[in-house]
Each structure stands twice: as structure tokens, then as C-alpha cells.
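Keep in mind that this is a model prediction, so the values were computed, not measured. Just so it is clear, the values below take in all heavy atoms, side chains as well, and ignore hydrogens, waters and symmetry mates.
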Amino acid sequence: MAILVTGATGNVGRNVVRQLVEDGAEVRALTRSPRPAGFPEVVRVVAGDLMQPESLADALEGVDRMYLFPVAETAWEVVPLAQQAGVRRIVVLSSGAVTTGFDSDFHSPVERAVEESGLEWTHVRPGETRPGTVPPTTLDRTPVESAIPKSGSAETTPP
């Protein structure tokens, strides 16, 4: 089964793709414009836009894990589509600001949509990111061993 990386051509997504390929994972890279993205040939680049959930059906086919770039406007549509397609784990690129209450309308709604889905989930909450760095992913590592502060399944705790 494949791992779908959304936001694959961005600063963080590109590094997630690279690390997963280095780990030998089957990677699918979602991008709004699938022109040559400079990925290795083993990466399947697929067109899709998180702002247009109906465009994701082909990208989600055969995917069991997903790295989700945060798009609050459509998270409550995208997550059920992923679940219906057979995705069992979603890793959300979030923000450390969620834990301090400074982010209630951007990353937080995406986290809630994933948590309430009943799927396995992990929220990656970096304090900051910069080009060339990426927080640890848990897409292809079992068991999950990291310092990520909040990871689980359908069980959640209030912030």
C-alpha cells in the first residue's frame, strides 16, 4: 500500500517525500500541478487539490497512510474521503500554537476532523519549520517512537 503526501512540493512535504523514499516506502505525491516536480522516478506524482476534495479520488486509491497538509476549509470532507478509500493512518502537519490556544481556526479544525474520524492519527506540531528541515514523520515506522506530544486513535483528551 502507498503513502499519500499532500503538499508534496512544499518545503515540508518535499522533505517528507524524500525521507519516505529513502526508507523504501511506496510514495504518492499530491500536487495541484503535476508537472515534473523533481522527485525520483519511484514517486508517483498525482494531481489533486485539497480545496477541491472531489479531485482526490484517484490519488487516494490504494493508499493506507496519508500525510495531510492542513486545509481547514475542507478537512471535514477530505478526511472521510480518505477513510472511505481505505486510509487507516493520517499524520497532520500542525503547529505548536495549537497547544497554547493561539491556533483555533487553522490547524485545530484539521486535527479535530482527523481525531473524530476514528482513524489512527498523529499530529506533528513543530514550533517552526524552515526550508531543508522537517519534523519526524510516523507514516512508515512501527511502533511509533517519537516525541510528538499527541498521537492516538479515536480516543482524545481535551487540550
Side-chain angles (χ1 to χ4, degrees), residues 1-10 12-17 19-21 23-34 37 39 42-99 103-126 134-146 148-159:
M1 296 293 276
I3 299 170
L4 177 64
V5 177
T6 66
T9 57
V12 175
R14 184 170 294 282
N15 282 289
V16 171
V17 169
Q19 289 180 6
L20 290 171
V21 168
D23 285 350
E26 179 185 345
V27 179
R28 198 167 298 170
L30 182 76
T31 178
R32 289 177 288 197
S33 179
F39 293 121
V42 297
V43 175
R44 180 175 159 209
V45 179
V46 292
D49 187 340
L50 292 170
M51 288 298 291
Q52 299 173 353
E54 68 279 0
S55 73
L56 303 176
D58 290 340
L60 288 166
E61 188 175 326
V63 168
D64 67 341
R65 290 160 290 172
M66 180 178 186
Y67 188 83
L68 183 58
F69 182 84
V71 177
E73 296 87 348
T74 60
W76 291 95
E77 297 170 71
V78 170
V79 172
L81 288 173
Q83 188 171 27
Q84 291 167 6
V87 171
R88 61 178 176 77
R89 177 185 250 331
I90 297 179
V91 174
V92 176
L93 175 60
S94 189
S95 168
V98 170
T99 61
D103 182 344
S104 62
D105 61 350
F106 188 74
H107 294 94
S108 188
V110 179
E111 287 189 8
R112 281 195 312 276
V114 172
E115 290 172 7
E116 293 180 21
S117 71
L119 296 170
E120 296 174 19
W121 53 268
T122 301
H123 303 319
V124 178
R125 293 178 171 160
V134 65
T137 65
T138 57
L139 289 166
D140 204 32
R141 291 167 174 80
T142 306
V144 174
E145 294 179 19
S146 78
I148 295 171
K150 191 172 180 186
S151 179
S153 62
E155 295 181 24
T156 62
T157 57

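- Under the 4.5 Å side-chain criterion, counting only non-hydrogen atoms from C-beta, Arg89 is not in contact with Val114.
- When side chains are defined from C-beta on, Val43 counts as touching Val21, because their heavy atoms get closer than 4.5 Å.
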Note to self: Could you walk me through whether Thr31 and Val45 satisfy the side-chain contact (heavy atoms from CB on, under 4.5 Å) test, starting with their C-alpha distance in whole Å, then the side-chain angles of each, then the deciding distance to 0.1 Å, before giving a yes or no?
What the structure shows: CA-CA 7 Å; Thr31 178; Val45 179; 3.6 Å; yes
Checklist line | Intermediate values then yes/no, side-chain contact (heavy atoms from CB on, under 4.5 Å), Leu4 and Tyr67 | finding: CA-CA 6 Å; Leu4 177 64; Tyr67 188 83; over 6 Å; no
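- Between Pro80 and Ala75, the shortest heavy-atom distance links the atoms CD-O, 4.1 Å.
- Residues Glu111 and Trp121 form no side-chain contact, since every pair of their non-hydrogen atoms from C-beta on lies 4.5 Å or further apart.
- Put simply, the side chain of Val27 does not reach to within 4.5 Å of the side chain of Arg44, judged on heavy atoms.
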Next item on the list: Begin from the C-alpha positions of Val91 and Val124 and carry the test side-chain contact (heavy atoms from CB on, under 4.5 Å) through to its verdict.
Entry: CA-CA 7 Å; Val91 174; Val124 178; 3.6 Å; yes
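- Residues forming a side chain to side chain contact (heavy atoms under 4.5 Å, CB included) with Ala47 (at least two apart in sequence, or on another chain): Pro34.
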Taking only distance into account, with no hydrogens and no angle test, what donor-acceptor pairs under 3.5 Å do side-chain atoms of residues 51-62 form with protein atoms, sequence neighbours excluded?
unit_1	atom_1	unit_2	atom_2	d
Ser55	OG	Asp49	N	2.9
Ser55	OG	Asp49	O	3.3
Ser55	OG	Gln52	O	2.7

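- Asp64 pairs by the salt bridge (charged side-chain N to carboxylate O under 4.0 Å, His left out) definition with Arg88, not counting sequence neighbours.
- Among residues two or more places apart in sequence or in another chain, the side chain to side chain donor-acceptor pair (under 3.5 Å) test is passed with Thr9 by none.
- Using a 4.5 Å cut-off on side-chain heavy atoms (C-beta onward), Ile3 and Glu26 make no contact.
- Under the 4.0 Å criterion applied to side-chain N and carboxylate O atoms, Glu120 and Arg65 are not assigned as salt-bridge partners.
- You'll find the side chain of Thr6 reaches within 4.5 Å of the side chain of Met66, heavy atoms only.
- Every residue meeting the side chain to side chain contact (heavy atoms under 4.5 Å, CB included) condition with Ala8, not counting sequence neighbours, appears here in chain and number order: Val5, Val17, Ala29, Phe39.
- Closest approach of Ser104 and Pro109 over heavy atoms only: O-CD, 3.8 Å.
- For the pair Leu68 and Leu50, the minimum side-chain heavy-atom distance is below 4.5 Å.
- In terms of modelled atom types and a separation under 3.5 Å, the side chain of Ser94 and the main chain of His107 share no donor-acceptor contact.
- For Arg112, the side chain to side chain donor-acceptor pair (under 3.5 Å) partners two or more places apart in sequence, or in a different chain, are Ser108.
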